[in-house]
Enquirer: 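One structure, as C-alpha cells, below. Some questions next.
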There are 2 protein chains.
Amino acid sequence: MGNVIDIVAQRAYTQLVPTRVNATIVDVARSAGVSVSTVSKVINARYGVSERTAEHVRRVIAELGYESSLGARSLRSQRTGVLGVLVAEFEPFSTELLKGLGQAAEGSGYELLAYSGRIGPDPRYGWELRSLARLSGTLIDGAVLVTPTVSDPDYRIPVVALDPHAGSSSMPTIDSDSLTGAELAVNYLLSLGHRRIAMLAGRPDLNSAQLREAGYRRALQAAGIPVDPTLIEIGGFRPDSATAPARALLDRPDRPTAVFAANDLTAIRTIEVANELGLRVPEDLSVVGFDDVPDASQFRTPLTTIAQPLYQMGRLAMETLLRLLEGAELEESHLTLATTLVVRESTAPVPSR
Amino acid sequence: MGNVIDIVAQRAYTQLVPTRVNATIVDVARSAGVSVSTVSKVINARYGVSERTAEHVRRVIAELGYESSLGARSLRSQRTGVLGVLVAEFEPFSTELLKGLGQAAEGSGYELLAYSGRIGPDPRYGWELRSLARLSGTLIDGAVLVTPTVSDPDYRIPVVALDPHAGSSSMPTIDSDSLTGAELAVNYLLSLGHRRIAMLAGRPDLNSAQLREAGYRRALQAAGIPVDPTLIEIGGFRPDSATAPARALLDRPDRPTAVFAANDLTAIRTIEVANELGLRVPEDLSVVGFDDVPDASQFRTPLTTIAQPLYQMGRLAMETLLRLLEGAELEESHLTLATTLVVRESTAPVPSR
DNA sequence: CTGTTAGCGCCTTCAA
DNA sequence: TTGAAGGCGCTAACAG
C-alpha cells in the first residue's frame, strides 16, 4: 500500500526533474517523511537517530535503490572511502599493476577508482598533477601514481609512486631495479656471442630510461666492448615512436646482431620492423625487451625480456598506501624490487657469417 | 613582484583552510582580481570575457596550477567529459577489456574512469547498479558495464553492457559466442578421444555460464554420449570457489580424463588441484578453459582455451558508447563476436589404459 | 564585458 | 531525537 503511493510519488517527482532519474537524499527524506539531515545521519551511522526512525529510513533507501552521489558527498566530507590509481593510459603495463593494486585493496574497505586523464593545458605539469588536482581533496582519500614523471606533487592526501620515471622523490616509492635488469639483458646477449648490440632507449628525460641505458653501457664496458653511440636510438617507450628508430637501427649495412629495447612494447615493434625488412628473429637478429608484460609471452615470437614483478609491485604500492592511510609514517620509504631475466624465443646465438 | 604577493596570499589562505592545499576557483579569482564567474567562463571558454582578461586569468591559473575539481564541477554541469567503466574487480578479464576500451577512447576527448565498487547493502542490486547510482548523473557522461548481472539499469546516461551475464537486455550489448565456444572446446576434446569429459561450470544464475554448459551438453549429445550429471560441478568462475569442486571431480576412482572449465581462472585452478593430487596435465588429464586471458598462455602449463576477442570487444563497446553519446539511436544493438579454439599444452589424446 | 545570485546533493553544526 | 541553515567548489542564469 504505502509502497504504491511511494512509487507514484517518485514517478511524479521524476517527471518534474527529467534530467535525473536517480533518487537523491531529498527523495528519500520526502518519501520517508523525515528531514534530509536525518537521512544523512542514518546513512553515515551518526548518533542521534532513534532506531525506529533509522530502520524506516533504511527501508525507504532500499525501496528507492538510493545510493549517495560520490561527487556530492566528496564535496562535503573528508573521507570518501575511494582510492585513486592515476595512470597515463590503460596499456599492458599499467593494467598489470592494476591487478596487483586491486588485489591488495580487497577487503580493505576501500573502493578503487582508476583514472586515465588527459594531459593538462600546461605541459610543465604532467598528467598526474592534473589528475591529482582534479580528484584529490574531493573524490579520493589517497592515490597511487603510476609512472609519474614529476617527483614531488604536494597534496594533502597520501600518495605513493609506482615505478616513478622521475628521479628521487619524497613520496614513498615502489619500483624495480632497472640498472641491474639492463645489465642482465646485455650480459645474456654477450653470453650468446653478440658483440654488436644496439639499444632502443626510452625517453631520455625519464629516470628509468636513463638507468636502463646506463646498465647497457656498463655491461658493454665490463666486457671490454666500446659503446658505439650510433647504435643507440631513442624509442620513447611507445610502439609508434619506436618504429622509425628501429628501422634506422636495422636498415644499415653494418646492422647490429642484437637489440636491447627499453621496454616490451618497443621490443615487439622492433621485431615487427625486422620482419618487414626480411629479417628473422631470432635467426638473424636477437631482441630483448624489458617489463615482461603479458604481451611479451603472447607475441608470435615470444619475447626474451627482463621481468619486473608487476603484480607484486602493485600489491606493495597498495599496501604502502593503506599503511599511510592508517597514519603510519614512512615518508622516505623507497622499495626497489629485483628484476629477472626471462628467456623465450626472441634470442639466439649470434649467427655465424 | 605580484608573484610573491600572490604566493604569500595563497599561503595565508591555505592556512585558514588547512584541509586543502589545492587551489580553488576562489583562489584563482582572488589572485586574478576578478569574480569567480569570470574565471568559470574562462575555464569553460564561454563568451563574454575580453581576451585581455581571459589571458590574465589563464596566466594565474597556470601559476597556481589550478585544476577544476571533478566532483564539484560535475555537481553543476551536465557534462564532465569523463566516461565510466564499471567493473566488479580488476582481474585479468576486466583489465584486458580495459585496454581495448582505453584504446578506443583515445582521441575522443573523453577521459576514462574505471571504477571497482563494493557490493551495496542490498544484494538484490548488483555492484553495477550501486556504482552507476554513485557515479551517473554526476561524475560520468556515459558508462560501460563490464559483466553486469542485471539487464536493465534505467539511468539517464548512455550505457553499454560488455559481456553481460544476465539474459537479454535493452542495453546495447557486446559479447561473444559462449554456446559455440563451448561446443568447440568439447568437440576438440572428443576429437582427442576423450569420452569422460567433466564440466566445471560457472555460476548457474548467469547467462554466459548457462550457455557454456548448454554447449557442453549439446556437443556430448551430438556425439551420442549421455550427459553424466555427476560430472558437472559448479566452479563459480573464481579460483577460490573452484577448488573444492575441482577436487571433487578429480578425487574419485572413475575420474574424468578431461575437464572443460567455464573460464580460464578456474581451469588454471583445476590444473593446480590436479597437480596436487599427483596428476600430470596433459598426460593424465586434459583441461580446457574459456576466455584466453593473458594468464592462460603464461601459466606453467599453457592453457588450451576458447578465446574471446577481449581487446576487440573492449574497442567495440567504447565505440558503441561514443556513438550513443553523439546521439545515435541503436538501443537494440546486440553484437556477438565469434570465439575460437586456441590449442596449447593442457590437452592431449586420452591416455590408453 | 563583468559580477551577483542561486543552487547541484550532501554533511555538519547548532537550535529546537 | 529531530530539523533548519550554511556551505563545499562549481556553473548558469540574470543583472548591471
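All figures in this text were calculated on a predicted structure; none of them were measured in a lab. A note on names: the letters A, B, ... follow the listed sequences, proteins ahead of strands, and every chain is numbered from 1.
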Enquirer: Please walk me through it: do A/Glu111 and B/Arg134 pass salt bridge (Lys or Arg N to Asp or Glu O under 4.0 Å)?
Expert: CA-CA 12 Å; A/Glu111 317 187 37; B/Arg134 296 202 79 188; 3.2 Å; yes
Enquirer: Whole angstroms only, please: what is the CZ-P distance between A/Arg30 and C/dG9?
Expert: 11 Å
Enquirer: Rounded off to whole Å, could you give me the CG-to-P distance for the A/Leu75 and C/dC11 pair?
Expert: 11 Å
Enquirer: Between B/Arg46 and D/dT11, is there a contact of a side-chain N or O with OP1 or OP2 at under 4.0 Å?
Expert: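 For D/dT11, OP1/OP2 do not have a side-chain N/O of B/Arg46 under 4.0 Å.
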Enquirer: Distance check needed: C/dG9 P versus A/Leu139 CG, whole Å only.
Expert: 16 Å
Enquirer: Round to the nearest Å and state the distance from B/Ile43 atom CD1 to D/dG9 atom C1'.
Expert: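 For the pair B/Ile43 CD1 and D/dG9 C1', the rounded distance is 10 Å.
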Enquirer: Quick one: side chains of residues 55-62 of chain A, donor-acceptor pairs under 3.5 Å with protein atoms, not counting sequence neighbours, listed by atom name and distance.
Expert:
{"unit_1": "A/Arg58", "atom_1": "NH2", "unit_2": "A/Glu51", "atom_2": "OE2", "d": "2.7"}

Enquirer: Measuring from the side chain of A/Ala72 (C-beta onward, heavy atoms only), which nucleotide among C/dG9, C/dC8, C/dT12 has the closest atom?
Expert: C/dG9
Enquirer: How close or far is atom P of D/dG9 from atom CG of B/Asp27, stated in whole angstroms?
Expert: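 For the pair B/Asp27 CG and D/dG9 P, the rounded distance is 8 Å.
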Enquirer: Can you check whether any acceptor in the base of D/dG7 is under 3.5 Å from a donor in the side chain of A/Arg76, or vice versa?
Expert: yes
Enquirer: Between B/Glu128 and B/Ser131, do the side chains contain a donor N or O and an acceptor N or O under 3.5 Å apart?
Expert: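 Not at all, the side chains of B/Ser131 and B/Glu128 share no donor-acceptor pair under 3.5 Å.
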Enquirer: Which protein N or O atoms sit under 3.5 Å from an N or O of nucleotides 1-3 of chain C?
Expert:
{"unit_1": "C/dT2", "atom_1": "OP1", "unit_2": "B/Thr53", "atom_2": "OG1", "d": "2.6"}
{"unit_1": "C/dT2", "atom_1": "OP2", "unit_2": "B/Ser50", "atom_2": "N", "d": "2.8"}
{"unit_1": "C/dT2", "atom_1": "OP2", "unit_2": "B/Ser50", "atom_2": "OG", "d": "3.4"}
{"unit_1": "C/dT2", "atom_1": "OP2", "unit_2": "B/Thr53", "atom_2": "OG1", "d": "3.3"}
{"unit_1": "C/dG3", "atom_1": "OP2", "unit_2": "B/Ser35", "atom_2": "N", "d": "2.9"}
{"unit_1": "C/dG3", "atom_1": "OP2", "unit_2": "B/Ser35", "atom_2": "OG", "d": "3.2"}
{"unit_1": "C/dG3", "atom_1": "OP2", "unit_2": "B/Thr38", "atom_2": "OG1", "d": "2.9"}
{"unit_1": "C/dG3", "atom_1": "N7", "unit_2": "B/Ser37", "atom_2": "OG", "d": "2.9"}
{"unit_1": "C/dG3", "atom_1": "O6", "unit_2": "B/Lys41", "atom_2": "NZ", "d": "2.9"}

Enquirer: Looking at A/Arg238 and A/Glu89, is there a salt bridge between them, counting it only when a charged N and a carboxylate O are closer than 4.0 Å?
Expert: yes
Enquirer: In this structure, how many angstroms lie between the C1' atom of D/dG9 and the CG atom of B/Asn44, rounded?
Expert: 13 Å
Enquirer: With a 4.0 Å cutoff (strictly under), does any side-chain N or O of A/Ser40 reach OP1 or OP2 of C/dC11?
Expert: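 Indeed, a polar side-chain atom of A/Ser40 lies that close.
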Enquirer: For the residue pair A/Ser50 / A/Thr53, report whether a side-chain donor-acceptor contact shorter than 3.5 Å exists.
Expert: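 The answer is yes; a qualifying pair exists.
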Enquirer: Roughly, in whole Å, what's the span from CD in A/Glu67 to P in C/dG9?
Expert: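 Those two atoms, CD and P, are 16 Å apart.
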Enquirer: Kindly say if B/Arg73 contacts the phosphate of D/dG9, meaning a side-chain N or O under 4.0 Å from OP1 or OP2.
Expert: no
Enquirer: So, taking the atom named CD in B/Glu319 and the one named CD in B/Gln103, what distance separates them when rounded to the nearest 0.5 Å?
Expert: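 One finds 10.0 Å between CD of B/Glu319 and CD of B/Gln103.
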Enquirer: If I take atom CG from residue B/Leu135 and atom CD from residue A/Glu67, how far apart are they, to the nearest 0.5 angstrom?
Expert: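 The CG atom of B/Leu135 sits 10.5 Å away from the CD atom of A/Glu67.
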Enquirer: Quick one: A/Ile25 CD1 to C/dC11 C1', roughly how many Å, whole number?
Expert: 8 Å
